[in-house]
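If you read the sequence from its start, that first residue is 1, and numbering goes on from there.
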Amino acid sequence: MIHKVRRSLLALAAGLVAAGAAQASDYPSRPITLIVPFSPGGVTDVIARAMGKSIAAQLKQPVVIENKPGVAGSMGVVDMKSAKPDGYRLALTPISIFRQPYIQKTNYHPIDDVTYIATYMTYDFIVAVNASSPYKSLADLVNQAKSKPGSVSYGTPGKYAAHHITMAMLSKKSGAEFNHIPFKGDTESINALMAGHIDSIVASNTLVPYLNSGKIRALATAANEKAGDFKSIPTLHDAGYGFDMPSPVGIAGPKNLPADIVNKLDTAIRNAQQDPEFKKVLANYSVRGHYFGPKEYTEFAIASFRNEESLLKELQLD
């Protein structure tokens with residue numbers, strides 16, 4: 001009797017595996033939802049929609065964008081965590097998801113609850129001032145903040161954002177003491193800079209139109225290379241501070257997403273980066289394409305999650 005039950009269980013398990021394989025081989029057979037954990041209309045949202053359009057054309061199924069802003073871009077992972085691992089509910093995974101568990105209690109674990117598929121872009125962060133500012137270089141800004149600690153204010157999209165971490169690192173490396181003014185997003189901090197309420201900002205690619213119009217002056221970027229509209233801007237490495245702030249954005253699924261589904265999505269994301277329409281959208285915002293496949297992205301996620309803990313302890317942010 002025991003042997004009969006065991007044979008039945010083995011047969012059932014084999015049947016489930018076969019059914020799962022068949023389901024994965026048919027993927028996708030219906031629309032895919034991609035959660036964008038930011039508001040509609042922003043740079044991340046616009047580029048995600050362009051990526052979704054390219055994926056949809058390749059996989060012959062619609063990709064539906066669902067915006068879920070909040071908690072520093074981690075709402076996508078929170079939502080997706082409970083989804084069935086069948087590839088029909090995916091989420092954008094910004095680098096901030098690796099930092100949040102060290103800042104506050106979260107409803108997800110960025111390694112245990114996620115299957116990383118691929119990255120497709122990276123943000124650059126720019127230290128900038130109003131065009132009428134007396135600060136003509138990063139050295140000017142740093143020297144003022146060193147000579148009169150707290151006299152130089154800077155705006156960011158919020159506490160613990162990569163923008164904030166960038167200036168905290170600059171402060172530690174230079175010995176300058178800046179005054180952090182957090183806002184709700186890049187747009188709010190840019191408006192405050194333009195109105196003369198703050199001395200400087202750290203912003204992402206949202207800043208490009210203001211740079212191109214001459215209304216704002218860029219002092220440095222936290223990028224690891226010069227590209228697009230930022231080619232003429234010195235990096236923090238150029239300025240002698242020896243660090244950059246990588247910020248790749250990728251797509252992930254819930255844990256235990258089958259390997260063949262991961263591979264199908266990875267191939268579509270990789271191919272999309274050669275899609276002329278997608279490349280055009282990136283260029284419109286001077287955003288750099290950036291590709292990590294499943295293995296590289298998973299390794300990056302593990303390393304980033306580990307490094308965030310030591311980084312936050314090192315910076316001792318309030």
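- Pairs of residues two or more places apart, or lying in two chains, that qualify as salt bridge (Lys or Arg N to Asp or Glu O under 4.0 Å) and include a residue from residues 87-99 are Glu66-Arg89, Asp79-Arg89, Arg99-Glu308.
- Side-chain heavy-atom separations under 4.5 angstrom define the hydrophobic clusters, and the remaining members of the one that includes Ile198 are Ile126, Ile181, Phe183, Ile190, Leu193, Met194, Ile201, Leu207, Val208, Tyr210, Leu211, Ile216, Phe230, Ile233.
- Put simply, the side chain of Asn307 never gets that close to the backbone of Ser304: no donor and acceptor are under 3.5 Å apart.
- Here the NZ atom belonging to Lys53 is positioned 12.5 Å from the CZ atom belonging to Phe278, to the nearest 0.5 angstrom.
- Sequence neighbours left out, the pairs with a member in residues 128-157 that pass ring-ring contact (aromatic ring centres under 6.0 Å, His included) are Tyr154-His180.
- Under the rule for a salt bridge (Lys or Arg N to Asp or Glu O under 4.0 Å), the partners of Glu309 that lie at least two apart in sequence or sit in another chain are Lys313.
- Among residue pairs with one or both ends in residues 236-256, those qualifying as salt bridge (Lys or Arg N to Asp or Glu O under 4.0 Å) are Lys226-Asp238; sequence neighbours excluded.
- Between Leu138 and Ala220, the shortest heavy-atom contact is CD2-CB, 3.9 Å.
- Taking both residues in full, the closest heavy atoms of Val63 and Leu34 are given as CG1-CB, 4.0 Å, listed atom of the first, atom of the second, then distance.
- Listed by first and then second residue, the side-chain hydrogen bond (donor to acceptor under 3.5 Å, both in side chains) pairs involving residues 283-295 are Thr119-His290, Asp124-Arg288, Asn224-Arg288, Glu225-Arg288, Asp229-Ser286, Asp266-Tyr291, Arg270-Tyr291, Lys295-Glu299 (not counting sequence neighbours).
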Which pairs of donor and acceptor atoms, one on a side chain in residues 91-98, lie under 3.5 Å apart (sequence neighbours left out)?
from  : atom 1 : to     : atom 2 : distance (Å)
Thr93 : OG1    : Gly250 : O      : 3.2
Thr93 : OG1    : Tyr297 : OH     : 2.7
Ser96 : OG     : Ala72  : O      : 2.4

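- Asn256 and Pro85 get closest at one heavy-atom pair: O-CB, 3.7 Å.
- For the pair Ser29 (side chain) and Asp26 (backbone), a donor-acceptor distance under 3.5 Å is absent.
- No side-chain donor from either of Ser54 and Glu277 sits under 3.5 Å from a side-chain acceptor of the other.
- Looking only at side-chain heavy atoms (C-beta outward), Leu265 and Tyr27 come within less than 4.5 Å of each other.
- Looking at Tyr116 and Pro110, their side chains come closer than 4.5 Å, going by heavy atoms from C-beta outward.
- Thr235 OG1 to Met245 CE: the interatomic distance, rounded to the nearest 0.5 Å, is 13.0 Å.
- The ring pair (Phe, Tyr, Trp, His ring centres under 6.0 Å) search around Tyr120 returns none, not counting sequence neighbours.
- Annotation: side chain of Ile251 is in contact with side chain of Met51 (closest heavy-atom distance under 4.5 Å).
- Dense packing is recorded around NZ of Lys136, with more than 12 heavy atoms of other residues, nucleotides or ligands lying under 6.0 Å away.
- Residues satisfying the salt bridge (Lys or Arg N to Asp or Glu O under 4.0 Å) test with Lys184, not counting sequence neighbours, are none.
- Here the shortest heavy-atom pairing between Lys159 and Pro182 reads N-CB, 3.9 Å.
- Listed by first and then second residue, the salt bridge (Lys or Arg N to Asp or Glu O under 4.0 Å) pairs involving residues 108-120 are Lys81-Asp113 (not counting sequence neighbours).
- In terms of hydrophobic clustering, with Ile, Leu, Val, Met, Phe, Trp and Tyr side chains grouped at heavy-atom distances under 4.5 Å, Ile103 and Val71 are assigned to different clusters.
- Side-chain contact between Thr166 and Leu236: present, with at least one pair of heavy atoms (C-beta onward) separated by less than 4.5 Å.
- Residues forming a ring pair (Phe, Tyr, Trp, His ring centres under 6.0 Å) with Phe305 (at least two apart in sequence, or on another chain): Tyr102, His109.
- Atom CD1 in Ile117 sits 5.0 Å away from atom CG in Leu90 (nearest 0.5 Å).
- Side-chain contact between Phe178 and Val152 is present, with heavy atoms from C-beta onward closer than 4.5 Å.
- The side-chain heavy atoms of Lys68 and Pro37, taken from C-beta on, include no pair separated by under 4.5 Å.
- Side-chain heavy atoms closer than 4.5 Å link hydrophobic residues (I, L, V, M, F, W, Y) into clusters, and following such links, possibly through other members, connects Ile302 to Val114.
- When atom types are taken as modelled, the side chain of Ser171 and the backbone of Met167 share no donor-acceptor pair closer than 3.5 angstrom.
- In this structure, CD in Glu314 is found 10.0 Å from CG in Leu312, a value given to the nearest 0.5 Å.
- Two residues are said to be in side-chain contact when any heavy atoms from C-beta on lie closer than 4.5 Å; Gln144 and Ser147 meet this criterion.
- The distance from the OG atom of Ser151 to the CD atom of Glu177 is 9.0 Å, given to the nearest 0.5 Å.
- The nearest pair of heavy atoms linking Pro157 to Gly185 is CB-CA, 3.7 Å.
- Applying the side-chain hydrogen bond (donor to acceptor under 3.5 Å, both in side chains) definition to pairs two or more places apart or across chains, those involving residues 193-208 are Ser153-Asp199, Asp186-Ser204, Asp186-Thr206.
- Within the 4.5 Å cutoff, the side chain of Asp86 has heavy atoms near those of the Arg30 side chain.
- For the atom pair Tyr108 OH and Ser82 OG, the distance stands at 15.0 Å (nearest 0.5 Å).
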